[in-house]
Amino acid sequence: MNEAVQKFMEGVAAKNPGEKKFLQAVQEVAESVMPVIEATPAYKKAKVLERMVEPERVIMFRVPWVDDKGEIQVNRGFRVQMNSAIGPYKGGIRFNNTVTLDVIKFLGFEQTFKNSLTGIPMGGGKGGSDFDARGKSDGEVMRFCQAFMAELFRHIGPNTDVPAGDLGVGAREIGYMFGMYKKLMNEFTGVLTGKGLAFGGSLIRPEATGYGVTYFADEVLHQNGDSLEGKTCVISGAGNVGLHTIEKINALGGKVVGMRDFEGAVYDPDGITPEKLAWLKELVFKRTMPAGPHGGYLHHYAEKYGAKLMPDKKSWAIPCDVALPTACENELDLNDAKELIKNGVKYVIEGANMPSTNEAIEAFQAAGVIITPGKAANAGGVATSGLEMAQNAMHLCWEAKEVDEKLHGIMRSIHKNCVEHGRDPKTGKINYVKGANIAGFIKVADAMVAQGVV
Ligand code: 2IT
């Protein structure tokens with residue numbers, strides 16, 4: 001770590017004790033942007049990075065609700081409004097038992113740079129709760145969402161802060177939260193994205209993150225004179241991002257042979273074909289349908305299609321050309337990186353937020369493996385949320401083709417931006433981590449300088 005970064009990180013660590021994930025996210029960005037700050041007196045004088053690591057506002061609240069047995073449950077709610085320099089706060093809501101203030105702060109920090117990269121005017125924010133929908137009835141999920149919104153509604157709005165989904169928050173949860181917001185405010189506005197199509201949602205929003213990840217992968221491979229055609233790919237989380245990534249990889253001629261859920265990995269050397277994927281989507285998405293528990297888990301897939309079940313294994317044990325982490329932060333550590341490198345991986349395209357540890361990133365880069373960060377590669381989700389906001393503001397709906405083309409164009413432009421800011425002038429090699437951080441940073445920093453000390 002260079003001296004300026006080290007000094008800066010000591011200050012951030014002292015102010016945010018124990019917030020390991022937030023510090024990890026900040027360090028990765030600080031290492032990339034410190035040289036830019038040192039070379040730009042206006043950024044240095046305005047203390048842009050010192051301000052960026054301090055959320056504009058943190059809201060933490062009690063969420064009491066009554067379960068099916070009549071017992072009172074108490075969860076904790078969060079909304080971190082990180083940075084509004086370039087637009088209203090924008091970012092998802094995560095419902096998962098791993099959610100803490102540290103997690104929401106790291107996600108809000110990442111979101112600020114990601115949203116900047118999309119080119120759409122959106123600031124950074126993130127929210128969530130330690131509530132976990134697994135094992136809860138539909139009525140319980142609804143009552144929890146209503147209780148969560150009964151506090152959150154006073155802090156958000158279509159021009160203030162526009163939440164969306166993340167882990168554990170899909171169409172069902174967004175619907176219940178939107179209903180409560182509308183009731184409390186007596187106002188029908190695009191205050192959330194990822195809404196149902198019948199009430200202001202955008203076509204392609206459910207598919208957008210996974211499609212965007214694949215469009216980005218396609219650009220990266222082309223930049224290297226390569227293509228997805230015939231490539232062996234492995235994802236991790238088989239959720240909304242993962243399943244739509246498989247769909248688009250199939251469409252572009254690649255083959256996905258591995259994925260995982262919390263029970264372990266599944267290896268299907270023949271590939272998850274469009275037919276198998278259709279069945280798998282039913283299995284996974286039925287789990288979050290209203291009216292009771294349905295659906296199943298990956299072991300059902302393994303049983304049905306004769307794939308190899310690898311209990312307690314990560315998908316990184318499966319040999320591949322392209323690895324696409326699509327689950328959650330720090331799901332790919334140094335040991336996983338070593339195994340992937342040993343097995344000949346060429347590209348790591350991050351579909352999740354901060355899935356690789358900083359040590360894993362260093363190992364990939366040292367081995368000449370191209371790694372592209374989530375804040376660039378998975379930005380298609382929030383970009384399409386931005387397109388949903390635009391449609392809501394105009395009170396109209398675009399056709400799927402139009403949204404998809406816009407998404408594709410945005411992913412191309414993010415890639416171009418990463419290449420421009422990540423290319424080493426001496427070797428010509430592209431460091432996508434550096435490129436994404438610098439490109440995302442400059443826009444926010446310029447806006448902060450222009451707006452004075454606020
Ligand atoms: O991590 C992300 O970019 C999201 N969860 C989507 C955020 C959004 O506002 O669509």
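Each residue takes its place number in the sequence, starting with 1. Remember, it's 1-based here, ligands and their atoms both numbered in the order they're listed. Just so you know, these numbers come straight off a predicted model, no measurement behind them.
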Considering heavy atoms of the protein only, find what lies nearest to [atom] and give residue, atom and distance to 0.1 Å.
atom: atom 5 (N) of ligand 1; answer: D166 OD1, 2.9 Å
atom: atom 7 (C) of ligand 1; answer: G92 N, 3.5 Å
atom: atom 2 (C) of ligand 1; answer: K114 NZ, 3.2 Å

Considering only heavy atoms of [X], which atoms of ligand 1 have at least one such atom less than 4.0 Å away?
X: K90; value: 8 (C), 9 (O)
X: S385; value: 8 (C), 9 (O), 10 (O)
X: Q111; value: 1 (O), 2 (C), 3 (O), 7 (C)
X: A164; value: 8 (C), 9 (O), 10 (O)

Applying a heavy-atom cut-off of 4.0 Å, say which part of [X] lies close to ligand 1: side chain, backbone, both or neither.
X: R205; result: side chain
X: K126; result: side chain
X: N353; result: side chain

Ion pair [X]/[Y], N-O distance below 4.0 Å:
X: D138; Y: R172; value: yes
X: R94; Y: E329; value: yes
X: K276; Y: D268; value: yes
X: K346; Y: D321; value: yes
X: D161; Y: K90; value: no

With [X] as the cation and [Y] as the aromatic partner, state whether NZ or CZ is under 6.0 Å from the six-membered ring centre and within 45° of the axis.
X: K21; Y: F106; value: no
X: R79; Y: Y89; value: no
X: K248; Y: Y211; value: yes

Based purely on interatomic distance, does G165 place a nitrogen or oxygen under 3.5 Å from a nitrogen or oxygen of ligand 1?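 Between G165 and ligand 1, an N or O pair is found under 3.5 Å apart.
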
